Protein chains: 2
Amino acid sequence: MNIGENKTWNHHVVKEGNKSLVLKKIINHSPISRAAVAQEVGLNKGTVSSLVNDLLDDQLIYESGPGKSSGGRRPVMLLFNEKAGYSIGIDIGVNYLLGVLTDLNGNICIEKEVTFKNLSYEEIEKQLFNTIDHLTESAPPSPHGIIGIGVGVPGIVDNNGEILLAPNLKWKNLNLKLVLENRYQLPIIIENEANAGAYGEKRFGAGKDSEHIIYVSAGIGIGVGLILNGALYKGSNGFSGELGHMTIQVNGPTCRCGNKGCWELFASEQALLTAAEKMNIFSHSGKELELSDLMVLAEQGDPKVIALFEQAGDYLGVGINNIINSFNPQQVIIGNRMASSSKWLTKTLTDRVSNQALWFQQNDLTICFSELSTFSSALGAAAFSIENFLSVSMQQKTSLKA
Amino acid sequence: MNIGENKTWNHHVVKEGNKSLVLKKIINHSPISRAAVAQEVGLNKGTVSSLVNDLLDDQLIYESGPGKSSGGRRPVMLLFNEKAGYSIGIDIGVNYLLGVLTDLNGNICIEKEVTFKNLSYEEIEKQLFNTIDHLTESAPPSPHGIIGIGVGVPGIVDNNGEILLAPNLKWKNLNLKLVLENRYQLPIIIENEANAGAYGEKRFGAGKDSEHIIYVSAGIGIGVGLILNGALYKGSNGFSGELGHMTIQVNGPTCRCGNKGCWELFASEQALLTAAEKMNIFSHSGKELELSDLMVLAEQGDPKVIALFEQAGDYLGVGINNIINSFNPQQVIIGNRMASSSKWLTKTLTDRVSNQALWFQQNDLTICFSELSTFSSALGAAAFSIENFLSVSMQQKTSLKA
DNA sequence: AAAACTTTGTTTAGCCACTAGACTAACAAT
DNA sequence: ATTGTTAGTCTAGTGGCTAAACAAAGTTTT
């Protein structure tokens with residue numbers, strides 16, 4: 001809600017904004033007293049009292065017992081009621097579906113994962129419904145119930161939540177948002193998996209204190225989610241962050257996207273597996289080679305496999321250098337499946353960056369691996385719904401008097 | 001001013017926001033009546049009347065004669081008073097200094113350019129003072145006078161306006177902002193030249209109607225300015241857009257930045273000149289080869305030179321592809337000196353993009369060359385001051401009653 | 001223990017910018 | 001001239017804010 005936007009300003013907006021400020025203060029600094037809130041956000045005591053009463057009515061916060069006196073009357077401590085409602089976050093992967101039920105603080109209450117291979121859309125949809133149904137039924141009773149469902153998908157999602165393309169799932173022009181809205185009558189948010197992961201890390205993970213975060217989702221392919229000025233940046237149509245197809249080698253090998261020398265040909269899980277297969281490294285299980293097989297081998301000290309990881313780390317660093325030069329972020333977070341191999345990637349990656357990134361870009365910059373491990377996307381998806389719910393809750397109620 | 005920010009909301013903010021809305025409406029739709037403004041921005045007629053009176057008092061707008069009746073009383077038309085004050089914009093190049101005096105709509109009233117070679121900082125500072133002095137003295141009388149000075153420099157500028165590094169000028173840790181503030185007692189803004197150019201194109205050039213613009217400043221080096229969500233994005237410390245040093249060729253030729261395979265080694269003016277020299281193409285003037293020499297040769301139909309341009313266009317396309325994949329912009333604008341050679345660059349550039357950019361990225365995407373030609377940066381720098389002035393003007397006055 | 005001081009939280013009066021709608025002004029159509 | 005329409009001002013009322021008084025509930029001083 002920028003001052004430049006075509007939105008008129010009136011008393012409702014003022015109250016909405018201040019209420020939001022008060023709630024955020026309580027969420028981030030609980031337990032806290034009314035007086036402290038007033039002082040810290042710069043509002044009048046009376047105003048804060050009134051807003052706090054609204055929030056109490058909405059059951060978004062609650063009063064705990066009195067706190068410690070600092071020489072006068074003991075303050076009444078306010079706490080965020082993180083159990084006022086629950087959010088469902090889903091992460092649809094190429095061969096898994098992960099669902100979580102979280103409270104309003106992003107604490108995972110229940111998780112449910114199913115794995116599969118080569119399922120049709122209809123079959124995945126069935127799994128999706130099952131998962132959501134299960135999570136919904138298992139949710140503890142709460143004033144606001146399930147406040148929304150967020151879904152992260154490995155594909156291109158436009159600004160209306162329509163999935164234009166999910167190559168690895170073979171989905172095309174699929175309006176999953178509509179499907180879920182019709183079935184569940186709840187606010188639904190569909191997002192690209194990397195965007196969801198970025199948001200998850202910003203809200204609950206390694207990026208909590210940063211305003212400029214680039215989340216690199218390195219899995220079978222590479223996707224990137226951008227948190228700029230504290231908010232997800234989606235570009236003109238919602239397609240930002242397709243950095244897996246950034247050229248890092250002009251006239252390099254051809255990618256399935258038609259371009260040449262794409263980053264994900266060098267630094268993704270798929271790149272690692274392809275390189276390993278070329279070196280005649282096979283899965284000891286006899287099945288198709290998987291990342292976990294390589295990790296086992298690396299753990300056993302296999303120098304060829306370790307070299308492969310190190311090579312991938314170096315290439316990751318090349319792309320991350322480009323990202324740093326583009327965005328001047330505070331933080332780069334590497335997530336998704338490749339993050340599990342951080343052990344063997346870190347050194348070559350950080351070497352590449354510290355040797356080659358422009359010196360002034362390296363101040364105040366941290367590069368790290370996901371804190372939420374495999375939950376980034378699911379948690380981020382859940383967080384979208386939470387954000388939306390809290391934002392709507394700030395709005396004026398049409399007062400229904402008894 | 002986001003609702004999430006740590007800013008309290010009160011009546012002043014409401015008025016400021018609405019006043020800004022009204023002024024913007026008048027600027028972009030003048031001549032317009034009070035009634036039309038009220039209807040279009042969604043405010044009450046009375047409110048608009050009151051805000052308009054404030055703006056009239058500030059002389060930011062004026063009333064022209066009555067407009068055409070549409071069946072009732074004839075409306076009083078309101079116009080933006082673009083001559084209420086003047087802004088100075090300076091573009092410091094490697095071997096030139098361009099200053100413009102603009103009105104509040106970015107119309108250039110006076111321009112002054114000096115060219116030089118290898119001047120020390122002190123000598124350039126003298127030229128800078130001369131230029132500013134001349135523009136100030138030549139400014140027509142106006143209610144608000146000179147409202148600020150903006151300077152675009154080819155280097156790294158941090159968020160405080162300090163020039164950390166301008167390699168081609170051999171400047172380092174220079175606080176030009178302080179120097180100018182002390183001398184002129186005016187609001188001073190120092191910005192990177194590509195950022196200024198991007199802002200110039202957004203406000204007055206090819207990007208007027210877009211919210212997501214990437215401006216590629218292709219000169220001796222390559223810098224990039226980012227307009228995201230309608231605003232300049234500067235990153236965590238102000239160093240975003242250093243895309244000239246994006247790797248497009250892993251382990252390619254070494255750049256002066258220490259990295260390898262940087263974009264500007266392939267697609268900048270310097271790249272073109274270096275390639276030409278290797279092919280034994282010399283300036284007919286006998287002096288050092290310049291871009292203008294190559295343009296003359298290309299104009300004469302020299303196939304070798306044309307091929308060089310086409311090659312550069314292709315490489316420009318490679319980097320622009322990466323930009324498109326990163327940002328999903330509405331518009332990519334190529335500016336600075338290479339824009340003058342658009343004639344020979346366009347085809348290979350657009351071929352590269354249309355063949356290799358992801359298909360969904362290409363909807364609603366326009367790629368074009370600067371509309372403001374060599375004035376992008378100077379105008380953008382001037383625009384920063386205008387923006388700042390108008391924003392301050394919206395704020396409440398401490399009423400000084402006679 | 002009483003008095004004095006501190007701090008918390010509520011209440012009250014007043015302010016300011018907004019809205020709705022009455023009003024005045026100025027025009028066109030009949 | 002009368003009627004209808006549009007533009008702009010004025011007035012009363014509303015809502016959310018602030019400042020300051022007040023009430024409540026502590027601690028510290030005497």
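Naming convention: chains lettered A, B, ... in sequence-line order (proteins, then strands); numbering from 1 in each chain. Predicted model only: the values in this text are computed from it and were never measured.
Listed by chain and residue number, Lys202(B) satisfy the salt bridge (charged side-chain N to carboxylate O under 4.0 Å, His left out) test with Glu211(B) (two or more places apart in sequence, or in another chain). Residues passing the salt bridge (charged side-chain N to carboxylate O under 4.0 Å, His left out) test with Arg73(A), sequence neighbours excluded: none. A search for salt bridge (charged side-chain N to carboxylate O under 4.0 Å, His left out) contacts involving Asp158(A) returns nothing, not counting sequence neighbours.
Atom CG of Asn53(B) and atom C1' of dA17(C) are 15 Å apart (whole Å). Rounded to an integer number of Å, the gap from NE2 of His12(B) to C1' of dG15(D) is 16 Å. The distance from atom CG of Leu78(B) to atom P of dA7(D) is 12 Å, rounded to the nearest whole Å.
Between the axis at the start and the axis at the end of the helix from dA1(C)-dT30(D) to dT30(C)-dA1(D) there is an angle of 10°, using five pairs per end and rounding to 10 degrees.
Defined by atom type and a distance below 3.5 Å, a donor-acceptor pair is missing between the side-chain atoms of Gln331(A) and Tyr215(A). Glu387(A) and Tyr199(A) share a donor-acceptor pair across their side chains, judged by distance under 3.5 Å alone. Inspection of the Tyr233(A) and His212(B) side chains reveals an N or O donor paired with an N or O acceptor under 3.5 Å.
The residue Val76(B) sits close only to the backbone: its heavy atoms come under 4.0 Å of sugar-phosphate atoms, none of a base.
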Mark up nucleotides 25-30 of chain D, 5' to 3', with B wherever a protein heavy atom is under 4.0 angstrom from a base atom, S wherever such an atom reaches only the sugar-phosphate, and - elsewhere. BBS---
Interface polar pairs with nucleotides 18-20 of chain C, N/O, under 3.5 angstrom:
unit_1: dC18(C); atom_1: OP1; unit_2: Asn18(B); atom_2: ND2; d: 2.7
unit_1: dT19(C); atom_1: OP2; unit_2: Asn44(B); atom_2: N; d: 3.2
unit_1: dT19(C); atom_1: OP2; unit_2: Thr47(B); atom_2: OG1; d: 2.7
unit_1: dA20(C); atom_1: N7; unit_2: Asn44(B); atom_2: ND2; d: 2.8

